[in-house]
Amino acid sequence: QVQLVESGGEVVQAGGSLRLSCAASGLTFSSYAMGWFRQAPGKEREFVATISRNGSPYYADSVKGRFTISRDNAKNTVHLQMNSLKPEDTAVYYCAAPKSWFVVPGTAEERYSYWGQGTQVTVSS
C-alpha cells in the first residue's frame with residue numbers, strides 16, 4: 001500500500017524559512033514524479049510544486065523564487081524548502097504521487113492518486 005507521510009510543518013514568522021519532508025513507501029520512489037499541494041481554510045486545494053523523476057522542478061507562480069522542491073531517492077523522500085514565507089502561505093501542505101510511475105501529473109490535481117495526511121504550516125505576521 002502506498003503511504004505518504006508529511007512532516008516539518010510549524011508556526012513561523014513572516015520572512016522565515018521552513019523545510020517540509022514527505023516520506024514515501026509502497027512505490028518505487030525513484031520512478032515517480034511527486035507533487036506538493038496546499039489548502040487554506042475555506043479554499044480549494046492548490047498546486048504548489050512538482051518534481052519529475054529526473055529531478056526537474058516546476059512551481060506555481062505564487063511560490064516561484066521562494067520555494068524549492070527536491071528529492072532524495074536514497075531516502076524515498078521529497079522536500080519542500082520554503083523561504084521568505086508570507087502569511088498567505090498559511091495552509092495544510094500535502095504531498096502527492098500519481099497512480100503509476102509513467103504518469104506525468106504536472107500541475108493537475110486530478111492526476112495525483114496518492115495523498116498524505118498533510119502538515120500544517122502557519123506563517124504569522
Side-chain angles (χ1 to χ4, degrees):
Q1 195 76 32
V2 174
Q3 186 174 38
L4 306 176
V5 181
E6 303 95 337
S7 63
E10 297 177 0
V11 178
V12 63
Q13 291 187 331
S17 298
L18 209 56
R19 190 191 194 210
L20 306 183
S21 297
C22 171
S25 61
L27 76 171
T28 306
F29 180 78
S30 62
S31 297
Y32 281 71
M34 299 292 294
W36 283 99
F37 289 76
R38 66 187 182 186
Q39 186 170 26
K43 296 184 177 181
E44 294 186 0
R45 188 156 53 192
E46 66 172 347
F47 168 78
V48 175
T50 186
I51 186 167
S52 73
R53 55 187 286 173
N54 68 1
S56 181
Y58 183 79
Y59 304 93
D61 288 341
S62 59
V63 307
K64 198 172 300 180
R66 300 187 299 121
F67 290 12
T68 302
I69 187 171
S70 62
R71 63 191 302 152
D72 186 342
N73 289 340
K75 297 182 178 180
N76 287 4
T77 302
V78 61
H79 301 283
L80 186 68
Q81 177 66 48
M82 305 185 294
N83 299 325
S84 301
L85 284 163
K86 305 174 180 179
E88 49 262 47
D89 294 319
T90 295
V92 176
Y93 283 71
Y94 297 92
C95 176
K99 185 176 180 64
S100 302
W101 66 267
F102 52 81
V103 174
V104 182
T107 65
E109 180 178 345
E110 63 270 20
R111 301 196 72 182
Y112 292 87
S113 296
Y114 303 108
W115 298 82
Q117 291 295 316
T119 186
Q120 177 70 50
V121 172
T122 301
V123 184
S124 64
S125 59

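- Salt bridge Asp61/Lys64: present, at least one basic N to carboxylate O contact under 4.0 Å.
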- [ ] Starting from the C-alpha separation in whole Å, work towards a yes-or-no answer on side-chain contact (heavy atoms from CB on, under 4.5 Å) for Val123 and Gln13.
- [x] CA-CA 5 Å; Val123 184; Gln13 291 187 331; over 6 Å; no
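- A donor-acceptor pair is defined here as one N or O able to donate and one able to accept, closer than 3.5 Å; such a pair exists between the side chain of Arg71 and the backbone of Ser52.
- When the side chains of ILVMFWY residues are joined at heavy-atom separations under 4.5 Å, either directly or via intervening members, Leu4 and Ile69 end up in a single hydrophobic cluster.
- Put simply, the side chain of Thr119 does not reach to within 4.5 Å of the side chain of Val92, judged on heavy atoms.
- The nearest pair of heavy atoms linking Asn73 to Asn76 is O-OD1, 3.1 Å.
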Open item on the list: Checking Cys95 against Met34 for the side-chain contact (heavy atoms from CB on, under 4.5 Å) test, could you report, in this order, the C-alpha distance in whole Å, the side-chain angles of both residues, the deciding distance, and whether it holds?
Closed with: CA-CA 7 Å; Cys95 176; Met34 299 292 294; 3.6 Å; yes
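- For the pair Phe67/Leu85, a side-chain contact is recorded, criterion being any heavy-atom separation below 4.5 Å from C-beta on.
- Across Asp89, Leu20, Val11, a single residue satisfies side-chain contact (heavy atoms from CB on, under 4.5 Å) together with Val121, and that is Leu20.
- Judged by distance alone, with hydrogens and angles left aside, the side-chain atoms of Thr77 form a donor-acceptor pair with the main-chain N or O of Lys75 at under 3.5 Å.
- Rounded to the nearest 0.5 Å, atoms OG1 (Thr68) and CE (Met82) are 11.0 Å apart.
- The CG atom of Leu80 lies 10.0 Å from the CZ atom of Arg19; values are rounded to the nearest 0.5 Å.
- Partners of Ser25 by side-chain hydrogen bond (donor to acceptor under 3.5 Å, both in side chains), not counting sequence neighbours: none found.
- Judged purely by distance below 3.5 Å, without hydrogens or angles, the side chains of Ser56 and Asn54 never pair a donor atom with an acceptor atom.
- Taking the side chain as every heavy atom from C-beta outward, Tyr58 and Thr107 approach each other to under 4.5 Å.
- The shortest side-chain heavy-atom distance between Lys86 and Arg66 falls under the 4.5 Å cut-off.
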Task: side-chain contact (heavy atoms from CB on, under 4.5 Å) between Arg53 and Ser30, worked out - done: CA-CA 6 Å; Arg53 55 187 286 173; Ser30 62; over 6 Å; no
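- Between the CG atom of Leu27 and the OH atom of Tyr114 there is a distance of 8.5 Å, given to the nearest 0.5 Å.
- Counting heavy atoms from C-beta on, the side chains of Pro98 and Ser113 never come closer than 4.5 Å.
- Pairs of residues two or more places apart, or lying in two chains, that qualify as ring pair (Phe, Tyr, Trp, His ring centres under 6.0 Å) and include a residue from residues 1-40 are Phe37-Phe47, Phe37-Tyr112, Phe37-Trp115.
- Summarising the geometry of Thr90 relative to Ala40, their closest heavy-atom pair is O-CB, 3.7 Å, with the distance given to 0.1 Å.
- Paired with Tyr93 under the rule side chain to side chain donor-acceptor pair (under 3.5 Å), one option of Arg38, Gln120, Gln39, Glu6 passes, and it is Arg38.
- For CD of Gln117, the number of neighbouring non-hydrogen atoms (other residues, nucleotides, ligands) closer than 6.0 Å is 12 at most.
- Across all their heavy atoms, Ser17 and Asn83 have their closest contact at OG-OD1, 2.9 Å.
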TODO: Evaluate side-chain contact (heavy atoms from CB on, under 4.5 Å) for Ser70 paired with Asp72, printing each intermediate quantity in order.
DONE: CA-CA 7 Å; Ser70 62; Asp72 186 342; over 6 Å; no
